[in-house]
Each structure stands twice: as structure tokens, then as C-alpha cells.
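Report on the following structure.
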Amino acid sequence: MEFAMRHEKPSAARKATNLTIDVDLLSEAKALSVNVSRAAETGIAEAVRAEKKRRWVEENREALEGWNAWVNEHGLPLARYRMF
């Protein structure tokens with residue numbers, strides 16, 4: 001739940017929605033006093049973050065590959081100033 005706490009807007013609007021969840025999982029979550037709404041929100045936020053990252057990498061793949069090829073051929077810019 002740490003993720004939701006760090007990334008939650010203080011006045012984030014909430015919207016009721018219906019979800020279909022495995023019955024056994026839901027029963028176990030309730031037995032453990034897990035806030036199912038918050039847990040679902042955290043999972044959805046993580047899925048959104050992962051999909052945005054995947055799309056960014058895909059959209060920028062050509063540029064990333066081009067840069068990597070340039071570095072492989074020429075080395076890192078300013079490498080001579082590195083202290084390590």
C-alpha cells in the first residue's frame with residue numbers, strides 16, 4: 001500500500017465502479033481486513049505506470065537504439081572527464 005500513499009492526490013476524486021474479482025481472493029482479503037478498493041487502486045496505478053513505461057520505450061526505441069549505436073562506435077561523450 002506504500003505506492004498508493006506516496007502517489008495519491010490529497011483530494012483525489014473517487015468513482016464507484018464494479019469489478020469482477022476471484023471469490024476466494026476477495027474472501028481472503030476481507031478476512032485479512034485488506035481495503036479492497038485501495039488495493040485495487042494500487043494495482044491499477046501500477047498497471048498504468050507499467051503500460052506508460054512500455055509505450056514510452058516502444059515509441060522511443062529507434063532513438064534509444066540510435067544513441068546506443070553511437071555510443072558503441074564513439075564512446076561516451078565527456079568520458080575523459082570521468083573520475084572513475
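For the numbers below, each heavy atom of this structure counts, side chains included, while hydrogens, waters and symmetry mates do not.
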Do Leu19 and Leu26 land in one hydrophobic cluster if side-chain heavy atoms of ILVMFWY residues count as linked below 4.5 Å? yes

Quick one: hydrophobic cluster around Val48, which other residues, with the 4.5 Å side-chain cut-off, linked directly or via members? Ile44

Hydrophobic cluster mates of Val23, side-chain heavy atoms under 4.5 angstrom, ILVMFWY only, any path? none

Rounding to 0.5 Å, atoms CZ (Arg49) and NZ (Lys53) come to a distance of 6.0 Å

CG (Asp22) and CD (Glu28) are apart, to the nearest 0.5 Å, by 9.5 Å

Kindly write out the residues that satisfy side-chain contact (heavy atoms from CB on, under 4.5 Å) with Asn68, not counting sequence neighbours, or none if the list is empty. none

Those residues at least two apart in sequence (or on a different chain) that pass side-chain contact (heavy atoms from CB on, under 4.5 Å) with Ala29 are Val34, Val36

Acceptor/donor pairs from residues 76-83 side chains to any protein atom, 3.5 angstrom cut, sequence neighbours excluded:
none

Here the salt bridge (Lys or Arg N to Asp or Glu O under 4.0 Å) pairs for residues 60-69, sequence neighbours left out, are Glu58-Arg61

Sequence neighbours excluded - ring-ring contact (aromatic ring centres under 6.0 Å, His included) pairs with any residue from residues 23-67: Trp67-Trp70

